[in-house]
Amino acid sequence: MSDTNKTKKTTTDSASGERKKPTLLVGIDLGTSRTALAANNGFRICISTCVGKPKDAVSEKLFGKRLLFGDDALNNRMAVELIQPLGDGVIDTSPEVKEANIAAVQALLRHLLSQASNKEDEVIYGVIGMPARASVSNKRLLVEAMRGIFEAVMIVSEPFSVAYGLDILTDALVLDIGAGTMDLCRMHGSLPTEEDQETIDKAGNYVDRTLYDLIKKRYPEAQFTINMIKSIKERYGYVSDKEERIEVQFTVDGRPRMFDITKELKEACLSIVPDLTEATYKLIGSFDPEFQRRLRANVVVGGGGSQMAGLAAIIEKSLDELGGGAVRIIDEPVYAGANGALKVAIEMPELFWEHLKD
Ligand SMILES: Nc1ncnc2c1ncn2[C@@H]1O[C@H](COP(=O)(O)OP(=O)(O)OP(=O)(O)O)[C@@H](O)[C@H]1O
Ligand SMILES: [Mg+2]
């Protein structure tokens, strides 16, 4: 972050060449589960990607007409209409929710930017991370939704921004395990292309649903929600061989009881590993054979899902089939994408930006 704090930029009026307003640069990791933002004035923030809209007269009495954001929305979900606008890493465009989701993303970003920017006349340039293989139409949708919010935007792939932020520019395979998607990207010293990237529509949310179903099946009497299951996974999630018993408390008809979920938790966490392994094999196996060994030797894993205990070891084991490799989990998975996107914002030349004013 240190060098990013020092960077200042002002926009230039291309017609007159005159300096315009001061410019704030931001990097945004717009995720299915949480959104992180890092700005070149040192500000950063991370909130759950959700927006709550008061749903009736009582909730309006409580909150007024204002929207709630992040955990504030989640914690008041009984009182608000909860909008989680992203599914599988992109804006969910199912016809019945498309407009509301676009509006929610806009409101969420305005909310974050209003905290990041404290100068009235400041214009904002934003780099936004999306899944590696997000469709052209979904990228376009996001760019158009940003009109009036940003002066200019750039969309980058999530694993690329993670890699760029960590200065991993070559000889590496980056895996980003999020809530909606797992994204993979080969770094080889130049901008990655379509062939260098893979997106799998199965990640943390899939683990949560699997765990929910497995526990429901074994203990039909237990009372729990998907949010409780997600918290349990985040606390105890593992894919290793340690056979420590994991017991959690649920209620049965309102009465607390302990439940052993050791087996179910491991099975659910492991449920995304085969797809991850397959995509890893594909990106390594289709790379220039002279450089495959270097990729295998530098597999870097980020995203919230990278925190499942034992994940590095299990990926490393899967690389044995290709001749062995080394895997490391990055240190700061929450801000890695946003920090990288900010670095892209600072370093990429003007021609990479899409200006949103006519
Ligand atoms: N300690 C943990 N162990 C296991 N999973 C975790 C842990 N912490 C967070 N997660 C999971 O990581 C996922 C969130 O990761 P991240 O914030 O990188 O995703 P995202 O960027 O919101 O999603 P996407 O990239 O798919 O759009 C969630 O499924 C969350 O439950
Ligand atoms: Mg993500």
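Just so you know, residue 1 is the first one in the sequence shown, and it goes up from there. Read the numbers this way: they start at 1 and go in the same order the structure lists the ligands and their atoms.
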Undergrad: Polar contacts were defined as any N/O atom of the residue lying under 3.5 Å from an N/O atom of the ligand; does this apply to Gly305 and ligand 1?
TA: yes
Undergrad: Is Glu354 salt-bridged to Arg140, cutoff N-O under 4.0 Å?
TA: yes
Undergrad: Determine yes or no for a side-chain-to-main-chain donor-acceptor pair under 3.5 angstrom, with Glu158 supplying the side chain and Asp176 the backbone.
TA: no
Undergrad: Looking at Glu278 and Lys282, does any basic side-chain N land under 4.0 Å from a carboxylate oxygen?
TA: no
Undergrad: Could you tell me which atoms of ligand 1, counted from 1 in the order shown, lie closer than 4.0 angstrom to a heavy atom of Gly204?
TA: 29 (O)
Undergrad: Say whether Thr32, considering both its backbone and side-chain N or O atoms, lies within less than 3.5 Å of an N or O atom on ligand 1.
TA: yes
Undergrad: Under 4.0 Å from a heavy atom of Gly89: which atoms of ligand 1 are those, numbered in the order shown and with their elements?
TA: 27 (O)
Undergrad: Would you indicate which of Lys233, Gln307, Met130 comes nearest to atom 5 (N) of ligand 1 when only heavy atoms are counted?
TA: Lys233
Undergrad: With a 3.5 Å distance limit and no angle check, can you tell me whether Arg77 reaches the backbone of Leu82 through a side-chain donor-acceptor pair?
TA: no
Undergrad: Heavy-atom contact under 4.0 Å between Ala203 and ligand 1?
TA: no
Undergrad: Any side-chain to backbone donor/acceptor pair from Tyr125 onto Trp353? Under 3.5 Å, distance only.
TA: no
Undergrad: Which atoms from ligand 1 have a heavy atom of Met308 less than 4.0 Å away?
TA: 3 (N), 4 (C)
Undergrad: If you measure from OH on Tyr236 to CG on Leu265, what distance do you get to the nearest 0.5 Å?
TA: 10.0 Å
Undergrad: Please report which non-hydrogen protein atom sits nearest to atom 6 (C) of ligand 1, along with the residue it belongs to and the distance in Å to one decimal place.
TA: Gly304 O, 3.2 Å
Undergrad: What is the closest protein heavy atom to atom 23 (O) of ligand 1, and at what distance does it sit?
TA: Ala179 N, 3.0 Å
Undergrad: Among protein heavy atoms, which lies nearest atom 17 (O) of ligand 1, and at what distance?
TA: Arg34 NE, 2.4 Å
Undergrad: Does Gly237 come within less than 4.0 Å of ligand 1, judged by its heavy atoms?
TA: no
Undergrad: What protein heavy atom sits nearest atom 22 (O) of ligand 1, and how far off is it?
TA: Ser33 N, 2.7 Å
Undergrad: Identify, by atom number and element, the atoms of ligand 1 in contact range of Thr181, meaning under 4.0 Å from any of its heavy atoms.
TA: 26 (O)
Undergrad: Here's one to test your reading of the geometry: is the NZ or CZ of Lys230 within 45 degrees of the ring axis of Tyr212 and under 6.0 Å from its centre?
TA: no
Undergrad: Side chain, backbone, both or neither: which part of Glu234 has a heavy atom under 4.0 Å from ligand 1?
TA: both
Undergrad: Would you tell me whether Glu347 and Tyr164 have side-chain atoms, one donor and one acceptor, within less than 3.5 Å of each other?
TA: yes
Undergrad: Just jot down the ligand 1 atoms closer than 4.0 angstrom to any heavy atom of Gly180, in number order.
TA: 23 (O), 24 (P), 26 (O)
Undergrad: Applying side chain to side chain donor-acceptor pair (under 3.5 Å), name anything that partners Asn75, two or more places apart in sequence or on another chain.
TA: none
Undergrad: Which bit of Glu158 gets closer than 4.0 Å to ligand 1, counting heavy atoms only: side chain, backbone, both or neither?
TA: side chain
Undergrad: Answer yes or no on whether Arg186 is positioned over the face of Phe287, meaning its NZ or CZ is under 6.0 Å from the six-membered ring centre and within 45° of the axis.
TA: no
Undergrad: What is the closest protein heavy atom to atom 21 (O) of ligand 1, and at what distance does it sit?
TA: Gly31 CA, 3.4 Å
Undergrad: Just checking, any donor-acceptor pair under 3.5 angstrom between side chains of Thr225 and Asn227?
TA: no
Undergrad: Which ligand 1 atoms does Gly303 reach within 4.0 Å, using its non-hydrogen atoms?
TA: 18 (O)
